[in-house]
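Here is the structure we will look at, set down as structure tokens.
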Amino acid sequence: MDKRHRNLIATLVAALMAVALFSAFSINWFHKTPSVILPTLTPTPSATPAAPGAGDYSRVEVTTDTVQRVVATLERPESYARTITVETVGEDGNVGQTTAQVVVDGGWTQVMTTLPDGRVCHSIVGEEKRYVWYDDQRSWQEYPARERSADLSQRLPTYEDVLALVQSDIVDARYANSGDLPCVYVAVEEQELGYVEEYWVSVDTGLLVRAESRKGEEVFYRMSGYTVETPATPGLTFSLPDGTVLHSTSRLS
């Protein structure tokens, strides 16, 4: 066999190997990963979620191993309104209650919170700014808005922090009803502080509808907000005390 024939055979062998390798690896490159479908809960707490419908979906049971993946699929509505109640227990055992009327729309959040002492705190967050004033004040304070500013203005824990947790900090996770709503439940142990945070996230809206923080059996923080109006009523204005309109919810045509 002359040199030219040997070179031709080597080239053909190399080409065949390349095709074989591409075929093997392209299975993973082009295979579509099944999406997550959140099953609907039945009324009985012990029942397992219903089977998903047809299509390229896989059912994911909520466990401490999978809850972060499930939470990652949840999305909050772009426009909604609701009332949130937060109770905190002081070291003296006294319970303080705040009630927040919340409107979220188009990246803006407006919160009117009635504090335990009767004062009303107004807060508007949007476009990287946070505006705060109390009662009937005609002036306001303006601050740079941070990633959590909208949630903090509602005295609301940011349940998406679950995604950043070390998995070993998650001590319980499952589907569970709360206030007759199907939810993803997750409990997180803050080992350094010695308390447990519990979250109930609505499967339907992706909103946190209940949260509790406790040390041992004593609950020192409790939040609830089950009823959600979505989208928010059109034509609502997010206005500063001087009448400046920062945002308005979309009007129906």
Side-chain angles (χ1 to χ4, degrees), residues 71-72 74-90 95-165 188 190 193 197-202 205-213 220-251:
V71 169
L74 301 176
E75 294 183 1
R76 306 187 195 188
E78 293 185 0
S79 178
Y80 65 90
R82 65 171 174 166
T83 299
I84 293 174
T85 300
V86 174
E87 295 179 344
T88 55
V89 181
V95 178
Q97 178 174 298
T98 63
T99 303
Q101 297 176 353
V102 181
V103 181
V104 175
D105 182 80
W108 288 82
T109 299
Q110 179 172 255
V111 184
M112 185 174 69
T113 304
T114 302
L115 303 172
D117 61 6
R119 291 184 303 156
V120 177
C121 176
H122 302 266
S123 176
I124 298 176
V125 178
E127 295 186 347
E128 301 183 352
K129 293 182 180 180
R130 182 187 179 206
Y131 307 88
V132 179
W133 68 98
Y134 289 85
D135 297 319
D136 297 326
Q137 290 179 340
R138 303 304 299 171
S139 60
W140 64 90
Q141 298 294 321
E142 182 177 324
Y143 308 95
R146 303 180 185 274
E147 183 179 357
R148 300 184 182 183
S149 292
D151 285 339
L152 291 175
S153 65
Q154 306 171 52
R155 277 68 172 176
L156 188 69
T158 305
Y159 75 84
E160 287 91 345
D161 285 348
V162 171
L163 301 177
L165 289 173
V188 178
E190 295 284 351
L193 300 176
E197 295 178 341
E198 298 176 287
Y199 305 95
W200 287 260
V201 185
S202 170
T205 65
L207 291 170
L208 184 68
V209 296
R210 177 182 168 192
E212 292 185 358
S213 297
F220 59 87
Y221 171 92
R222 180 182 288 113
M223 164 268 168
S224 62
Y226 293 106
T227 303
V228 180
E229 175 191 355
T230 181
T233 300
L236 298 178
T237 58
F238 294 24
S239 303
L240 296 175
D242 66 352
T244 301
V245 176
L246 300 174
H247 177 73
S248 297
T249 56
S250 300
R251 292 185 179 274

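Index from 1, following the sequence.
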Who are the side-chain contact (heavy atoms from CB on, under 4.5 Å) partners of T244, not counting sequence neighbours? L240, D242, L246
Correct closest heavy-atom pair for V132 and S123 would be CG2-OG, 4.3 Å
How far does CD of E229 sit from OG of S79, to the nearest 0.5 angstrom? 8.0 Å
Drop me the distance from Y221's OH to E197's CD, to the nearest 0.5 angstrom. 9.5 Å
Check whether any side-chain heavy atom of L236 lies under 4.5 Å from a side-chain heavy atom of Q110, and answer yes or no. no
Has the side chain of T98 got a donor or acceptor atom that lies under 3.5 Å from a matching backbone atom of T114? no
Just grab all the salt bridge (Lys or Arg N to Asp or Glu O under 4.0 Å) pairs involving residues 99-114, residues at least two apart or on different chains. none
What pairs with Y80 under side chain to side chain donor-acceptor pair (under 3.5 Å), at least two apart in sequence or on another chain? none
Tightest non-hydrogen contact, residues Q137 and P241, listed as O-CB, 3.4 Å
With E198 via side chain to side chain donor-acceptor pair (under 3.5 Å) - residues at least two apart: Y185, R214
Which atom pair, heavy atoms only, marks the closest approach of S250 to P234? O-CB, 2.6 Å
For R146, which residues count as a salt bridge (Lys or Arg N to Asp or Glu O under 4.0 Å) partner, sequence neighbours excluded? none
With sequence neighbours excluded, tell me which residues meet salt bridge (Lys or Arg N to Asp or Glu O under 4.0 Å) with E87. R222
Compare all side-chain heavy atoms of T99 with those of T83 and state whether any distance is below 4.5 angstrom. yes
Just to verify, what does T85 make a side chain to side chain donor-acceptor pair (under 3.5 Å) with, not counting sequence neighbours? none
With sequence neighbours excluded, residues passing ring-ring contact (aromatic ring centres under 6.0 Å, His included) with F220: Y195
So salt bridge (Lys or Arg N to Asp or Glu O under 4.0 Å) across residues 126-141, not counting sequence neighbours, yields K129-E142
Check side chain to side chain donor-acceptor pair (under 3.5 Å) between T109 and all other residues, then give those that pass, not counting sequence neighbours. none
Nearest 0.5 angstrom please: I124 CD1 to S239 OG, how far? 6.5 Å
Check: L115 and Y134 side chains under 4.5 Å, non-hydrogen atoms: yes
Between the CH2 atom in W133 and the SG atom in C121, the distance rounded to the nearest 0.5 Å is 9.0 Å
R210: which residues meet the salt bridge (Lys or Arg N to Asp or Glu O under 4.0 Å) condition with it, sequence neighbours left out? E212
With sequence neighbours left out, which residue pairs that include part of residues 227-247 fulfil the ring pair (Phe, Tyr, Trp, His ring centres under 6.0 Å) condition? W108-H247, F238-H247
Exercise: identify the closest heavy-atom pair between I84 and M223: CG2-CG, 3.9 Å
Of all heavy-atom pairs between A145 and V125, which one has the smallest distance, and what is that distance? CB-CG1, 4.0 Å
What heavy-atom pair brings S202 and T205 nearest, and what distance separates the two atoms? OG-N, 3.2 Å
With a 4.5 Å heavy-atom cut-off, do V71 and V201 have their side chains touching? no
